Amino acid sequence: QNKQDLFKTMVIRTLYPELPREFNNTILNFTSLFFSSNIQVEKPSCLNDSIWKTSGSSILLSDVIAVKDLPTGFGWKWNQSKTRKSVYFAQQDTRIDIMKLAARKKPKSTLKEIPSLKMWRLIVTRKYQKPIMWLHCEKGEKDKEYIPSIEEYRFLSEFMSDSIASEIWN
């Protein structure tokens, strides 16, 4: 299996050396799934915020959805983070348009911290067929490292002198 993956990686990077590595890796992930298995195509109504909650989640949709219509969280929206890239697979007569998306704060949002999310949007166009869209979450919400605030340690104040506790929490 590892030799197969290495071979596919070499082929993709040889065919598209002008693409950044992360775009090549995304193409590799998608083509491995799309051209080699019976992947289920879903209706856009199946799409919900679970797509960006967990890394590695993906969905293939029967219709193309605009970036502005993708599910988001409170106070943020999806934004294209790099230029679009396109690749063409002549043997399959298939063009794939690739876009990397990241979370950005909505105008007038009161959100203090923007989630660090990364999602890929691929539009797959085959000759004489309606385009389909693949969304793949590379970095999901549940991958965030939890860093507790100092307030969460306030209960420890009863085990230290008042002056030290006052210095930390006041």
Side-chain angles (χ1 to χ4, degrees), residues 1-2 4-6 8-9 12-13 16 19-87 89 94-126 129-155:
Q1 183 70 17
N2 286 340
Q4 253 184 335
D5 289 344
L6 180 61
K8 287 177 188 174
T9 303
I12 294 290
R13 290 199 181 129
Y16 306 103
L19 290 179
R21 179 179 292 248
E22 63 182 348
F23 280 80
N24 274 317
N25 289 340
T26 300
I27 293 168
L28 182 61
N29 288 340
F30 175 72
T31 56
S32 295
L33 181 72
F34 186 70
F35 293 125
S36 65
S37 69
N38 293 330
I39 185 169
Q40 180 81 20
V41 179
E42 305 286 346
K43 293 180 180 179
S45 59
C46 293
L47 185 61
N48 58 48
D49 63 2
S50 66
I51 187 65
W52 53 263
K53 298 249 179 185
T54 307
S55 293
S57 62
S58 62
I59 188 170
L60 186 62
L61 298 170
S62 59
D63 291 305
V64 175
I65 297 174
V67 172
K68 67 181 180 63
D69 296 325
L70 294 175
T72 63
F74 173 78
W76 63 269
K77 63 181 181 173
W78 290 108
N79 190 55
Q80 181 177 326
S81 60
K82 288 193 174 198
T83 59
R84 293 176 194 227
K85 303 286 183 185
S86 292
V87 295
F89 293 89
T94 301
R95 188 184 83 233
I96 301 176
D97 298 306
I98 310 154
M99 182 189 300
K100 180 180 165 184
L101 303 171
R104 295 289 179 257
K105 189 175 178 179
K106 283 183 179 177
K108 301 179 183 176
S109 171
T110 58
L111 191 65
K112 300 263 191 265
E113 186 179 325
I114 301 164
S116 178
L117 305 172
K118 187 191 300 186
M119 188 158 62
W120 293 92
R121 177 181 180 253
L122 281 71
I123 298 173
V124 182
T125 308
R126 299 179 105 171
Q129 293 182 12
K130 188 171 90 169
I132 58 175
M133 185 174 82
W134 186 61
L135 290 173
H136 174 72
C137 180
E138 184 176 315
K139 184 177 181 188
E141 182 182 61
K142 293 181 181 170
D143 296 338
K144 290 192 297 188
E145 181 182 343
Y146 177 71
I147 302 172
S149 71
I150 192 68
E151 286 302 313
E152 292 179 65
Y153 293 103
R154 187 178 282 275
F155 72 93

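Values below: all heavy atoms of this structure, side chains included; hydrogens, waters and symmetry mates excluded. Quick note: residue numbers are just sequence positions, from 1. All of these numbers come straight from a predicted model, not from anything done at the bench.
- The two residues D63 and K130 come nearest to each other via the heavy atoms OD1-NZ, 2.6 Å.
- Between W76 and K106, the shortest heavy-atom contact is O-CE, 3.3 Å.
- For the atom pair OG of S86 and CD1 of I98, the computed distance is 7.0 Å after rounding to the nearest 0.5 Å.
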Item checked: side chain to side chain contact (heavy atoms under 4.5 Å, CB included) assessment of F74 paired with T110 -> CA-CA 9 Å; F74 173 78; T110 58; 4.2 Å; yes
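- R104 is listed as a side-chain neighbour of S81, based on a closest heavy-atom distance under 4.5 Å.
- With rounding to the nearest 0.5 angstrom, the CG atom of L61 is 5.5 Å from the CG atom of L135.
- No side-chain donor-acceptor contact under 3.5 Å links W78 to the backbone of D69.
- Under a 3.5 Å cut-off, the side chain of T54 and the backbone N or O of G140 do not form any donor-acceptor pair.
- Enclosure of atom NZ in K77 is not indicated, since only 12 or fewer non-hydrogen atoms of other residues, nucleotides or ligands lie within 6.0 angstrom.
- The shortest distance between side-chain heavy atoms of L117 and K139 does not fall below 4.5 Å.
- Between the side chain of S57 and the backbone N or O of I51 there is at least one donor-acceptor pair closer than 3.5 Å.
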Next item on the list: Test E141 against D49 for side chain to side chain contact (heavy atoms under 4.5 Å, CB included), laying out the working first.
Entry: CA-CA 10 Å; E141 182 182 61; D49 63 2; over 6 Å; no
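- I96 CD1 to I123 CD1: the interatomic distance, rounded to the nearest 0.5 Å, is 11.5 Å.
- Nearest approach of A103 to P115, heavy atoms of both residues: CB-O, 3.5 Å.
- Interatomic distance, L101 CG to K118 NZ, rounded to the nearest 0.5 Å: 11.5 Å.
- Taking CD1 of I59 as the reference point, atom CG of L47 lies at 5.5 Å (rounded to 0.5 Å).
- Judged by distance alone, the side chain of R121 and the main-chain N or O of I65 form a donor-acceptor pair under 3.5 Å.
- Interatomic distance, CD of E138 versus CG of N25, reported as 8.0 Å (0.5 Å rounding).
- Between F30 and W134, the two ring planes are tilted [angle within 30° to 60°].
- Counting heavy atoms from C-beta outward, T26 and K85 have side chains that stay 4.5 Å or more apart.
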